[in-house]
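The next block holds one structure in the form of structure tokens; read it before the comments.
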Amino acid sequence: MDMSEARMSPERNLALELVRTTEAAAMAGARLLGRGDKLAADQAAVDAMRHVLNGVEMYGTVIIGEGEKDEAPMLYNGEVVGTGEPPHCDIAVDPIDGTTLTAEGRAGAIAVIAASAAGTMYNPGSAVYMEKIAVGPSGAGIVDIRLPVKRNITALAKAKQVEVSDITVVVLDRPRHTELIGEIRDAGARIRLIPDGDVAGAIACAMPNSGVDILLGIGGTPEGVITAAALKCMGGDLQGRLWPRDDEEREVLLGEGKDPTQILGLDDLIATENCFFAATGITTGDLMRGVTYTPGGITTHSMVTRGRSGTVRMIEAHHQSAKLKKIAPIGYT
């Protein structure tokens with residue numbers, strides 16, 4: 001790498017700055033906790049995240065955002081965010097992973113953002129869904145999405161030196177997973193069904209004492225890329241395979257040069273160790289605590305990770321409401 005490339009690469013721990021964006025999104029979304037309006041909660045989080053992103057020193061291009069420009073006025077795919085100064089980065093955002101969880105006041109909603117060196121983040125294009133398998137460090141290189149469910153669970157149990165009956169599998173609670181759930185039960189493993197939020201579910205597999213070991217099933221492709229950034233930092237593993245819903249969608253993907261049969265590994269989804277991930281809890285879940293309020297202040301709990309060092313930091317932040325109102329005119333106070 002020559003000196004000009006080095007100046008363009010995100011050498012500093014960008015996640016320590018990006019976490020301010022997830023804190024803002026979480027605080028904004030949490031204000032609408034349990035109100036039954038997931039669109040309003042998501043919009044509040046988008047507004048807050050975009051406002052704070054303006055001040056992050058980087059030239060970031062949104063690869064995974066809220067949709068196309070005509071559908072999303074902010075944080076749309078292709079939007080440039082940050083101050084415009086180097087480093088140049090690819091950005092993936094999900095201001096609320098778990099909008100329904102937030103709207104219904106349920107556990108496990110988080111605000112997330114991922115970044116990697118420019119040109120290294122997989123662009124899912126029109127791919128809405130992806131079949132996934134995700135594990136923590138003890139399962140990295142052990143599981144294979146092409147193998148039967150029972151073989152993967154048995155191999156993971158052996159690697160973790162536990163019984164199969166001690167393995168807990170995270171699965172999104174969807175009708176499409178009826179057969180998968182039956183296979184997991186036949187294998188003898190335990191199941192934790194989650195209503196939403198498979199980013200948090202997958203990352204929890206890489207966290208000690210989270211109570212879950214492996215995520216299986218079909219979820220969002222954008223969420224898969226964001227999860228890949230986190231697991232790459234944490235030493236875990238993720239494999240994915242695009243899951244077109246019908247022949248028409250398959251043809252669209254083929255027209256975009258995407259092969260639905262291809263196995264996408266971590267290096268396909270995030271093609272660098274120079275990556276970062278930050279998340280802040282909106283509602284308390286397995287991964288971290290949610291936003292809480294005290295007289296005059298707000299407390300947030302976040303995690304930040306860095307690919308090159310493999311460092312995972314858990315951050316508890318205390319925000320003074322009166323000061324926030326002066327410097328950030330957003331609806332989280």
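In this chain, residues are counted from 1 in sequence order.
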What residues form a side chain to side chain donor-acceptor pair (under 3.5 Å) with [X], not counting sequence neighbours?
X	value
E79	R50
S309	T311
D259	T261
T83	none

Does D90 use its side chain to pair, donor to acceptor, with the backbone of S116 at less than 3.5 Å?
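Not a single qualifying donor-acceptor pair exists.
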Counting N and O atoms only, with roles assigned by atom type, does the side chain of R176 sit under 3.5 Å from a partner on the main chain of I218, one being a donor and the other an acceptor?
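A pair under 3.5 Å: yes.
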Using a 6.0 Å distance limit plus a 45 degree cone around the ring axis, check whether R306 lies over the aromatic ring of F277.
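Not flagged: R306 not positioned over aromatic ring of F277.
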Other than [X], what residues sit in its cluster of Ile, Leu, Val, Met, Phe, Trp and Tyr side chains whose heavy atoms are under 4.5 Å apart, directly or through others?
X	value
V170	L172, I194, V212, L215
V80	Y59
I282	I96

What residues form a salt bridge (charged side-chain N to carboxylate O under 4.0 Å, His left out) with D42, not counting sequence neighbours?
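Applying salt bridge (charged side-chain N to carboxylate O under 4.0 Å, His left out) to D42 gives none.
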Mind checking what makes salt bridge (charged side-chain N to carboxylate O under 4.0 Å, His left out) contact with R190, not counting sequence neighbours?
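Partners of R190 by the salt bridge (charged side-chain N to carboxylate O under 4.0 Å, His left out) criterion come out as none, since no residue qualifies.
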Name all pairs fulfilling the side-chain hydrogen bond (donor to acceptor under 3.5 Å, both in side chains) condition that reach into residues 193-220, sequence neighbours left out, sorted by first residue then second.
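Sorted result for residues 193-220: K132-D198, K160-D213.
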Under the side-chain hydrogen bond (donor to acceptor under 3.5 Å, both in side chains) definition, can you give me all pairs with a residue in residues 104-114, not counting sequence neighbours?
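Only E104-R106 qualify under side-chain hydrogen bond (donor to acceptor under 3.5 Å, both in side chains).
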Does a salt bridge link D144 with R146, judged by any charged N lying under 4.0 Å from a carboxylate O?
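Yes.
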Below 3.5 Å, can you tabulate the donor-acceptor pairs from side chains in residues 297-304 to any protein atom, sequence neighbours excluded?
| from | atom 1 | to | atom 2 | distance (Å) |
| --- | --- | --- | --- | --- |
| T299 | OG1 | H318 | ND1 | 3.1 |
| T300 | OG1 | H319 | NE2 | 2.8 |
| H301 | NE2 | E316 | OE1 | 2.9 |
| S302 | OG | T280 | OG1 | 2.7 |

For R241 and E131, run salt bridge (Lys or Arg N to Asp or Glu O under 4.0 Å): C-alpha distance rounded to whole Å, both residues' side-chain angles, the deciding distance at 0.1 Å, then the answer.
CA-CA 5 Å; R241 183 163 47 195; E131 181 186 0; 3.2 Å; yes
Using side-chain heavy atoms (C-beta onward) and a distance below 4.5 Å, is H177 in contact with L180?
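Side chain of H177 against side chain of L180, heavy atoms only: contact under 4.5 Å found.
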